[in-house]
Amino acid sequence: MPRNSSTASTRPPTSRPTCSTARSSWDSTTTKPVLAYLGAQQRGFGGYYAESPTFNAALKAHYLSLLDGLQRLFVLRLDGGAGDRPNPVLLMLFRSTADSLLTLRTPWSNFLEAGLIHRKIDEAGEQGLQVNRATERINAAVADAREGHLEMLDALIAAMLGDRADLVVTESDIRTAGIDIIAEPSPMDHPLFDEE
């Protein structure tokens, strides 16, 4: 199924990035543990902001509680915790694929604001146009690679779950199981720039 990830535009954003890699809705049971696992890694996936450690700490706590709850409900451990282990070979490939996904980036990935760079590229004439065309190709390749990684992670989770891959987990199931999942924090409730 298609994912709600942003597609690359000609220019990277010149202001604070939004969470482009997280899904706004989960359309697959196997995707839930994948997104929780990726978010719990706190490595650029799931809506973290480099400039807000307090928000990031709250978001990581949410993802860790969500991951723990889903692992308990699915009887599947993806992290280092004890419990039922899936096929260790597939788990090794799952973790390697997640690590590979979390390292995907473009030359623009570390810029929170790139207005001056864009202006200089615009002033560079034909070379600037070449930079913009190359940026489009790089962005498209990274977006395609991200989708491939997420598809592979979904398939690996389904393979590890076996006949439990069709299990549908609802909020009611989580409450009934007595699992406490910390609510997802809002960036509006935390300072954008934490003072040191």
Side-chain angles (χ1 to χ4, degrees), residues 1-8 12-74 76-81 83 91 94-106 108-114 139 142-143 145-147 149-154 156-157 169-175 177-196:
M1 296 190 136
R3 297 185 183 279
N4 295 333
S5 60
S6 65
T7 55
T14 58
S15 61
R16 183 178 182 182
T18 59
C19 175
S20 61
T21 53
R23 274 189 158 148
S24 61
S25 65
W26 292 344
D27 55 12
S28 163
T29 297
T30 57
T31 299
K32 292 175 186 179
V34 168
L35 296 181
Y37 180 85
L38 292 171
Q41 306 310 304
Q42 195 175 347
R43 290 178 49 203
F45 188 99
Y48 291 97
Y49 293 110
E51 64 278 7
S52 185
T54 57
F55 170 73
N56 291 345
L59 187 59
K60 183 166 185 170
H62 161 71
Y63 280 123
L64 287 172
S65 70
L66 179 61
L67 178 61
D68 180 62
L70 290 170
Q71 289 178 135
R72 288 168 55 192
L73 286 171
F74 283 103
L76 171 74
R77 297 304 299 189
L78 301 172
D79 61 10
L91 179 59
F94 175 88
R95 289 178 175 168
S96 178
T97 304
D99 185 58
S100 177
L101 169 63
L102 294 170
T103 60
L104 288 175
R105 54 184 309 230
T106 74
W108 298 93
S109 294
N110 291 332
F111 294 107
L112 294 178
E113 207 295 314
N139 287 344
V142 169
R146 181 174 290 117
E147 288 303 309
H149 280 78
L150 289 169
E151 182 179 333
M152 187 169 172
L153 289 167
D154 276 350
L156 287 166
I157 284 280
V169 175
T170 66
E171 286 184 40
S172 175
D173 296 328
I174 292 169
R175 282 193 301 273
I179 297 170
D180 183 27
I181 294 180
I182 297 170
E184 184 172 357
S186 167
M188 302 305 290
D189 297 332
H190 298 271
L192 176 58
F193 297 100
D194 289 346
E195 295 184 19
E196 307 257 339

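Any value given below was found using the heavy atoms of this structure, including those in side chains, with hydrogens, waters and symmetry copies removed.
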### Task
Could you tell me whether the side chain of Arg95 and the main chain of Leu78 form a donor-acceptor pair under 3.5 Å?
yes

Look only at the side chain of Ser52 and the backbone of Tyr49, and say whether a donor-acceptor pair between them is shorter than 3.5 Å. no

*asked:* Determine whether Thr106 and Ser109 satisfy the following criterion, side-chain contact (heavy atoms from CB on, under 4.5 Å), listing intermediate values before the conclusion.
replied: CA-CA 5 Å; Thr106 74; Ser109 294; 3.4 Å; yes

How close do [X] and [Y] get, heavy atom to heavy atom, and via which atoms?
X: Leu59; Y: Glu184; value: CD1-CG, 4.1 Å
X: His190; Y: Ser186; value: CD2-O, 3.2 Å
X: Ala40; Y: Leu64; value: CB-CD2, 3.7 Å
X: His62; Y: Ala183; value: ND1-C, 3.6 Å
X: Leu101; Y: His149; value: N-CD2, 3.4 Å
X: Gly178; Y: Arg72; value: O-NH2, 4.5 Å

Taking the side chain as C-beta and beyond, is there a heavy-atom pair between [X] and [Y] under 4.5 Å?
X: Tyr48; Y: Arg43; answer: no
X: Ser96; Y: Asp99; answer: no
X: Leu76; Y: Gln71; answer: no
X: Tyr37; Y: Leu153; answer: no

dist Phe45:CZ -> Arg146:CZ (nearest 0.5 Å) comes out at 8.0 Å

Partner of Leu70 under side chain to side chain contact (heavy atoms under 4.5 Å, CB included), picked from Asp68, Leu67, Leu66, is Leu66

Begin from the C-alpha positions of Leu150 and Leu38 and carry the test side-chain contact (heavy atoms from CB on, under 4.5 Å) through to its verdict. CA-CA 10 Å; Leu150 289 169; Leu38 292 171; 3.8 Å; yes

message = Run the salt bridge (Lys or Arg N to Asp or Glu O under 4.0 Å) test on Asp154 and Lys32 for me, step by step, so that the C-alpha distance in whole Å, both residues' side-chain angles and the decisive distance to 0.1 Å come before the verdict.
response = CA-CA 9 Å; Asp154 276 350; Lys32 292 175 186 179; over 6 Å; no

